[in-house]
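Worksheet: one structure, shown below.
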There are 2 protein chains.
Amino acid sequence: MLSDVMEDYLKTIYQIQARSGPPVSTSAVADALEKTPPTVTSMLGNLEDRGLVTREKYKGAELTPEGETVALEILRHHRLLEAYLAEHLDYSWSEVHDEADALEHHISEEFERRVAEALDDPVVDPHGDPIPSADLAPLEDDEATPLTAHEVDDRVVVSRVSDRDRDELEYLADAGITPGTTLEVVDVAPFGMVTVRTGSDAEQSLPESVAEAIYVRPATDAAPAGGSTEVSDA
Amino acid sequence: MLSDVMEDYLKTIYQIQARSGPPVSTSAVADALEKTPPTVTSMLGNLEDRGLVTREKYKGAELTPEGETVALEILRHHRLLEAYLAEHLDYSWSEVHDEADALEHHISEEFERRVAEALDDPVVDPHGDPIPSADLAPLEDDEATPLTAHEVDDRVVVSRVSDRDRDELEYLADAGITPGTTLEVVDVAPFGMVTVRTGSDAEQSLPESVAEAIYVRPATDAAPAGGSTEVSDA
DNA sequence: ACGACGATTTAGACTAGCCAAAATTAATAA
DNA sequence: TTATTAATTTTGGCTAGTCTAAATCGTCGT
């Protein structure tokens, strides 16, 4: 019924909207999908005709509830697949994204159910991103903040890590920084360079681009600093 | 590089060619893919331009070695997926086909490797069809014959069951007839109705359409009649 | 040998999705 | 207020894949 291409547009609009709020500009979608702005304008028109987005001319688009449901369905597929690949097919968390992107449009409802069952209905994927529930209820807003917004001596727990850039993910996997890891901010240098202590006195200096891909929440007093991964291994 | 659609054409041509030999007629492909003959003619032209098939006007098409390699790759994906779904996601052998069809064009080489490894490099899928090896070497000809070609008192082992029709597969699953099952032909009635004894004196009467989807080889003396499934469970 | 019929191909047209170039709009700075 | 500029939309055109209708070919029976 809905093409793969349209599903991709809706997923992308959802993700931009979740980050920056509506309206979502033509060029933001174009950048994310590596299409030209006229192509996006044209497709937004199609999505509007189908009642999946609303638009305001020269401003941008916003998902309707129906459009959001489709986006959540695709996102659920994507994140269940990521979790399954990591858990049952020995993928590392830095490898799962591309494979999930390729498969997310082509799995059946039955497959979705069986994968969810095999994983015991997980609520987050290996990057710490929330997995929409089977009823596709809207996700709650996420209170995590980028590591770059924190100050020296803050103690925080990694909530999730943006899965946009494979190289960044591998860098962080090497550094032992995954969802659930407790970090202490040791230093904030010019140009956004952030130094953190993970467990056992190990210190890591992270370039800004990497630090801003790490979303964290305040550490509870009980949690010790270190490489705990209770969230991503759940 | 190669579109999903082209891959589907090549897979289909391969399967018809394996059954009836070249050349493969336009209308045979059209029937199998539920496209019109002009559509197929047009696509065969594209495949010819890419060196994947050779054609003789008004006769039909034949895969080149390159075209056959592509077909074997897709067939390997399909059959590995079927085996994986049955083995690790609790699908029954009658359910795996459609899911594999949807996914076979979208898995990476890495995914293929990991699935094959998880299954310990299987050589047949749940229907008994051979899985092309990773090097995509041509499959040997299959010496199995349709059950309808046999006579009363023949003792045979099921090699494979055509996976074309879901209803037929469910019928056979209910009847306990799977690859590896030993059968004894008890009766051959008019209109192709075949009656067989499976294990423990149970007799089944099979309509022609079902009987001709069952491919068998002569039973070795050692094998007892019954529901052994050593092939499909391998 | 020839005509009829079924299969195949050709011709023409349509949709989805994409792009480049040109026109338009909104926002900002002078 | 007006002019510049950046973003967006419009215009026109391209490819892949599909279809229907019409023309053509091959084969088989007479």
Side-chain angles (χ1 to χ4, degrees), chain A residues 1-14 16-17 19-63 67 70-71 74 101-102 104-106, chain B residues 1-14 16-17 19-63 67 70-71 74 101-102 104-106:
Chain A
M1 197 61 210
L2 223 51
S3 72
D4 300 358
V5 171
M6 281 192 173
E7 290 181 350
D8 263 334
Y9 276 84
L10 293 171
K11 181 181 74 161
T12 298
I13 293 165
Y14 178 91
I16 296 168
Q17 195 170 293
R19 195 168 242 311
S20 325
V24 174
S25 73
T26 300
S27 50
V29 177
D31 285 350
L33 289 175
E34 301 187 279
K35 302 283 158 62
T36 63
T39 297
V40 173
T41 295
S42 159
M43 183 56 69
L44 290 179
N46 297 341
L47 294 172
E48 187 179 29
D49 292 346
R50 288 171 178 259
L52 298 167
V53 304
T54 54
R55 285 204 303 163
E56 205 176 345
K57 259 201 175 189
Y58 294 99
K59 298 289 185 187
E62 178 173 356
L63 293 177
V70 174
I74 303 304
D101 256 2
E104 64 191 6
H105 306 293
H106 304 105
Chain B
M1 198 57 211
L2 220 50
S3 72
D4 300 358
V5 172
M6 281 194 173
E7 289 179 352
D8 262 335
Y9 276 85
L10 293 170
K11 181 181 74 161
T12 298
I13 294 166
Y14 178 91
I16 297 169
Q17 194 170 292
R19 199 170 236 313
S20 326
V24 174
S25 74
T26 299
S27 52
V29 177
D31 285 352
L33 289 174
E34 300 186 280
K35 303 282 161 63
T36 62
T39 298
V40 173
T41 296
S42 160
M43 184 56 70
L44 290 178
N46 296 342
L47 294 171
E48 186 178 30
D49 292 346
R50 287 171 178 258
L52 299 167
V53 304
T54 55
R55 284 205 304 162
E56 206 176 343
K57 257 202 176 188
Y58 294 98
K59 299 289 187 186
E62 179 173 356
L63 292 176
V70 173
I74 303 306
D101 257 1
E104 64 190 6
H105 306 293
H106 305 105

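Letters go in sequence order (proteins before strands), and every chain restarts at 1.
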Exercise. Are OP1 or OP2 of D/dC19 and a side-chain N or O of B/Thr36 less than 4.0 angstrom apart?
Worked result: yes

For this session: Determine the contact category for A/Thr26: base if any of its heavy atoms lies under 4.0 Å from a base atom, sugar-phosphate if only primed atoms, P, OP1 or OP2 are that close, otherwise nothing.
Result: sugar-phosphate

Problem set entry | Closest to the A/Asn46 side chain, choosing from D/dT18, D/dT9, C/dG17 | C/dG17

Exercise. For A/Glu56 and D/dT8, what is the distance between atoms CD and P respectively, to the nearest whole Å?
Worked result: 13 Å

For this session: Send over the distance from A/Glu34 CD to C/dG17 P, rounded to a whole Å.
Result: 18 Å

Seminar exercise, completed: A/Val53 and A/Leu44 have their tightest heavy-atom pair at CG2-O, 3.8 Å

For this session: Rounded off to whole Å, could you give me the CG-to-C1' distance for the A/Leu47 and D/dT9 pair?
Result: 16 Å

For this session: Using a 4.0 Å heavy-atom cut-off across all strands, classify B/Ser42 as base, sugar-phosphate, or nothing.
Result: base

Exercise. How close or far is atom P of C/dT15 from atom CG of A/Leu2, stated in whole angstroms?
Worked result: 19 Å

Seminar exercise, completed: Minimal heavy-atom distance between A/Glu62 and A/Gln17, with the atoms involved, is CA-OE1, 3.6 Å

Exercise. So does B/Arg55 get a side-chain nitrogen or oxygen closer than 4.0 Å to the phosphate oxygens (OP1/OP2) of C/dT8?
Worked result: no

For this session: Search all heavy atoms of B/Met1 against all heavy atoms of B/Arg50 and return the closest pair with its distance.
Result: O-NH1, 3.9 Å

For this session: Would you kindly compare A/Arg50 and B/Lys59 by the position of their nearest DNA chain C nucleotide and give the one closer to the 5′ end?
Result: B/Lys59

Exercise. Where the side chain of B/Ser25 is defined as all heavy atoms beyond and including C-beta, which of C/dT8, C/dT9, D/dT9 is the nearest nucleotide?
Worked result: C/dT8

Exercise. B/Asp8 CG to D/dA16 P: how many Å, rounded?
Worked result: 18 Å

Exercise. Just checking A/Thr41: base, sugar-phosphate only, or nothing, at a heavy-atom cut-off of under 4.0 Å?
Worked result: base

Problem set entry | Heavy-atom closest contact (A/Gly45 atom, A/Arg55 atom, distance) | CA-NH2, 3.6 Å

Problem set entry | A/Tyr9 side-chain N/O to C/dA16 phosphate OP1/OP2 under 4.0 Å | no

For this session: Using only side-chain N and O atoms of B/Lys57, determine if any of them is under 4.0 Å from OP1 or OP2 of C/dT10.
Result: yes

For this session: Look at the side chain of A/Val5 and decide which nucleotide, out of D/dT9, C/dT10, C/dG17, has an atom nearest to it.
Result: C/dG17

Exercise. Hey, does the side chain of B/Lys35 come within less than 4.0 Å of D/dA16's phosphate (OP1/OP2), counting only N and O?
Worked result: no

Seminar exercise, completed: Atom CE of B/Met43 and atom C1' of C/dT8 are separated, to the nearest Å, by 17 Å

For this session: For residues A/Tyr9 and A/Val29, report the shortest heavy-atom separation together with the two atoms involved.
Result: CD2-CG1, 3.9 Å

Problem set entry | OP1 or OP2 of C/dG6 under 4.0 Å from side-chain N/O of B/Ser27 | no

Seminar exercise, completed: Whole-Å distance, A/Asp49 CG to C/dA16 C1', equals 13 Å

Problem set entry | Distance, rounded to the nearest Å, where B/Leu44 contributes CG and D/dG17 contributes P | 13 Å

For this session: Would you check if A/Leu33 and A/Thr39 make a side-chain contact, meaning some heavy-atom pair closer than 4.5 Å?
Result: no

Problem set entry | B/Tyr58 side chain, from C-beta outward: closest of C/dG17, D/dC25, C/dA21 | D/dC25

